[in-house]
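Scroll down for the structure; my scribbles are underneath it.
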Amino acid sequence: MSQPNDMIKVMRLLQFTDSQFPVGTFSFSNGLETASFEKIVTNAETLEEFVRSQSHQAAFSDGVACLHAYRAYKAGDYEKCKEIDHYLYGFKMNDEARQMGTRMGKKLAELGVKLYSDPFVKEWLDAISKGETPGMYPVAQGIMFALAGVSEKDLFCSHQYGVINMVLGAALRCVKVSHYDTQLILEKLSDDIERLYNEAAVMDLNDMNAFYPELDILASLHEKGNMRMFMN
């Protein structure tokens, strides 16, 4: 496949980052539903704190994994992608995070097969379908962005935007905030992206960390709770 020009790269970046991209992001709240129910997130100020925590947790776990998967695809190292995938799946502390990662990851792999005639992606989807690899979403992101010719910096931006926008979109349905509030939060958190990338880009898989225990507690509460507007 020929290398895309800059305008095509921008279009692909917008396509993969669009909230309407059919991988199911609208079905998840990243724990916000429980945080709202438990009165932990009640307004724009507490929402900003919550989303910042989600962003940082994702940057140094999923963000690291997607960068390594991106580089593995570039190197043609299929086994490395599987290693990253299993590592990330085992890294997740709660079942809902694993469920979200694998459902969205398989959807993205299925889209990849439809969008591109690439044997790597077809083999990846086959391995997921056979249960040979979990198929986590950040790994699929790394593969797809590398295939599309988008830079790893843009991949990281898209990853972070996806995490932030997922929670902010959910907030409009379960927290007393306005679109103005959520856009202001997005504007503020965007200032962190370069710093987060510079840190994540030099981290090994063994350096991944996600010590935000309250987020995992909220996820565990949701698993046994009655709040079901979102899948997690």
Side-chain angles (χ1 to χ4, degrees), residues 1-26 28 51 54-56 58-78 80-82 84-85 88 101 103-125 127-128 135-169 182-183 186-203 205:
M1 186 174 67
S2 61
Q3 288 297 307
N5 62 38
D6 288 343
M7 292 184 72
I8 293 174
K9 291 178 184 178
V10 172
M11 287 296 290
R12 289 178 178 167
L13 175 61
L14 292 171
Q15 178 184 6
F16 295 157
T17 308
D18 194 325
S19 60
Q20 298 301 310
F21 195 58
V23 293
T25 55
F26 63 88
F28 301 96
V51 181
Q54 290 282 6
S55 168
H56 288 194
F60 301 130
S61 54
D62 292 356
V64 175
C66 73
L67 292 175
H68 278 274
Y70 179 97
R71 295 163 189 168
Y73 176 87
K74 286 283 193 181
D77 194 340
Y78 177 78
K80 183 64 176 179
C81 283
K82 289 176 70 173
I84 297 163
D85 197 36
L88 181 61
R103 288 191 179 187
M104 291 172 57
K106 187 175 183 181
K107 282 290 185 185
L108 184 53
E110 289 170 346
L111 279 165
V113 169
K114 296 290 186 182
L115 292 172
Y116 302 109
S117 298
D118 184 83
F120 194 112
V121 178
K122 186 179 185 304
E123 188 176 359
W124 184 251
L125 179 59
I128 295 171
M136 295 291 283
Y137 184 60
V139 180
Q141 283 184 299
I143 293 170
M144 285 288 291
F145 274 74
L147 174 58
V150 180
S151 74
E152 73 168 53
K153 282 189 174 182
D154 287 339
L155 160 64
F156 189 82
C157 286
S158 178
H159 163 261
Q160 281 285 288
Y161 177 85
V163 172
I164 293 168
N165 199 46
M166 180 192 302
V167 181
L168 292 180
T182 57
Q183 290 303 306
L186 177 59
E187 176 74 16
K188 288 179 180 179
L189 296 187
S190 296
D191 293 338
D192 293 342
I193 299 302
E194 184 172 9
R195 175 181 62 82
L196 294 176
Y197 169 76
N198 288 335
E199 292 184 42
V202 296
M203 291 172 65
L205 289 178

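Everything quoted here is computed from the prediction, not taken from an experiment.
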Is there a side-chain contact between F120 and L147 in this structure, where contact means two heavy atoms from C-beta onward sitting under 4.5 Å apart? no
List, one per line, each side-chain donor-acceptor pair under 3.5 Å for residues 157-164, sequence neighbours excluded.
{"residue": "S158", "atom": "OG", "partner": "T17", "partner atom": "OG1", "Å": "2.6"}
{"residue": "Q160", "atom": "OE1", "partner": "S55", "partner atom": "OG", "Å": "2.5"}
{"residue": "Q160", "atom": "NE2", "partner": "S55", "partner atom": "O", "Å": "3.1"}

Closest heavy-atom pair, P138 versus L88, reported as atoms and distance to 0.1 Å, is CG-CD2, 3.7 Å
Considering only heavy atoms from C-beta outward, does the side chain of L67 approach that of Y197 to under 4.5 Å? yes
At their closest point, which heavy atom of Q54 faces which heavy atom of V167, and how far apart are they? CG-CG2, 4.4 Å
To the closest 0.5 Å, what do you measure between CE (M136) and CD1 (I128)? 11.0 Å
For Y78 and A127 the tightest heavy-atom approach is OH-CB, 3.1 Å
Which heavy atom in E152 sits nearest to a heavy atom in A201, and how many Å separate them? OE2-CB, 4.4 Å
Please identify which of these residues, Y116, F16, Y73, meets the ring pair (Phe, Tyr, Trp, His ring centres under 6.0 Å) condition with F145. F16
Contacts under 3.5 angstrom, residues 106-114 side chains, donor-acceptor by atom type, not counting sequence neighbours:
none

One should read off an interatomic distance between K9 NZ and L14 CG, to the nearest 0.5 angstrom, of 14.5 Å
Nearest 0.5 angstrom please: K80 NZ to H68 NE2, how far? 7.0 Å
Which value, rounded to the nearest 0.5 Å, describes the distance between W124 atom CH2 and I143 atom CD1? 4.5 Å
Of the non-hydrogen atoms in A140 and G105, which two are nearest, and what is the gap between them? CB-O, 3.9 Å
Under the 3.5 angstrom rule, does the side chain of Y70 hit a backbone N or O of V150 as a donor-acceptor pair? yes
Here the gap from M144 atom CE to D118 atom CG, rounded to the nearest 0.5 Å, amounts to 9.5 Å
Could you report the tightest heavy-atom contact between M166 and M104, atom names first, then the distance? CE-CE, 4.2 Å
Please list all pairs meeting salt bridge (Lys or Arg N to Asp or Glu O under 4.0 Å) that have one or both residues in residues 189-202, counting only residues at least two apart or in different chains. R52-D192, R195-E199
CZ/R12 to CG/D154 distance, rounded to the nearest 0.5 angstrom? 13.5 Å
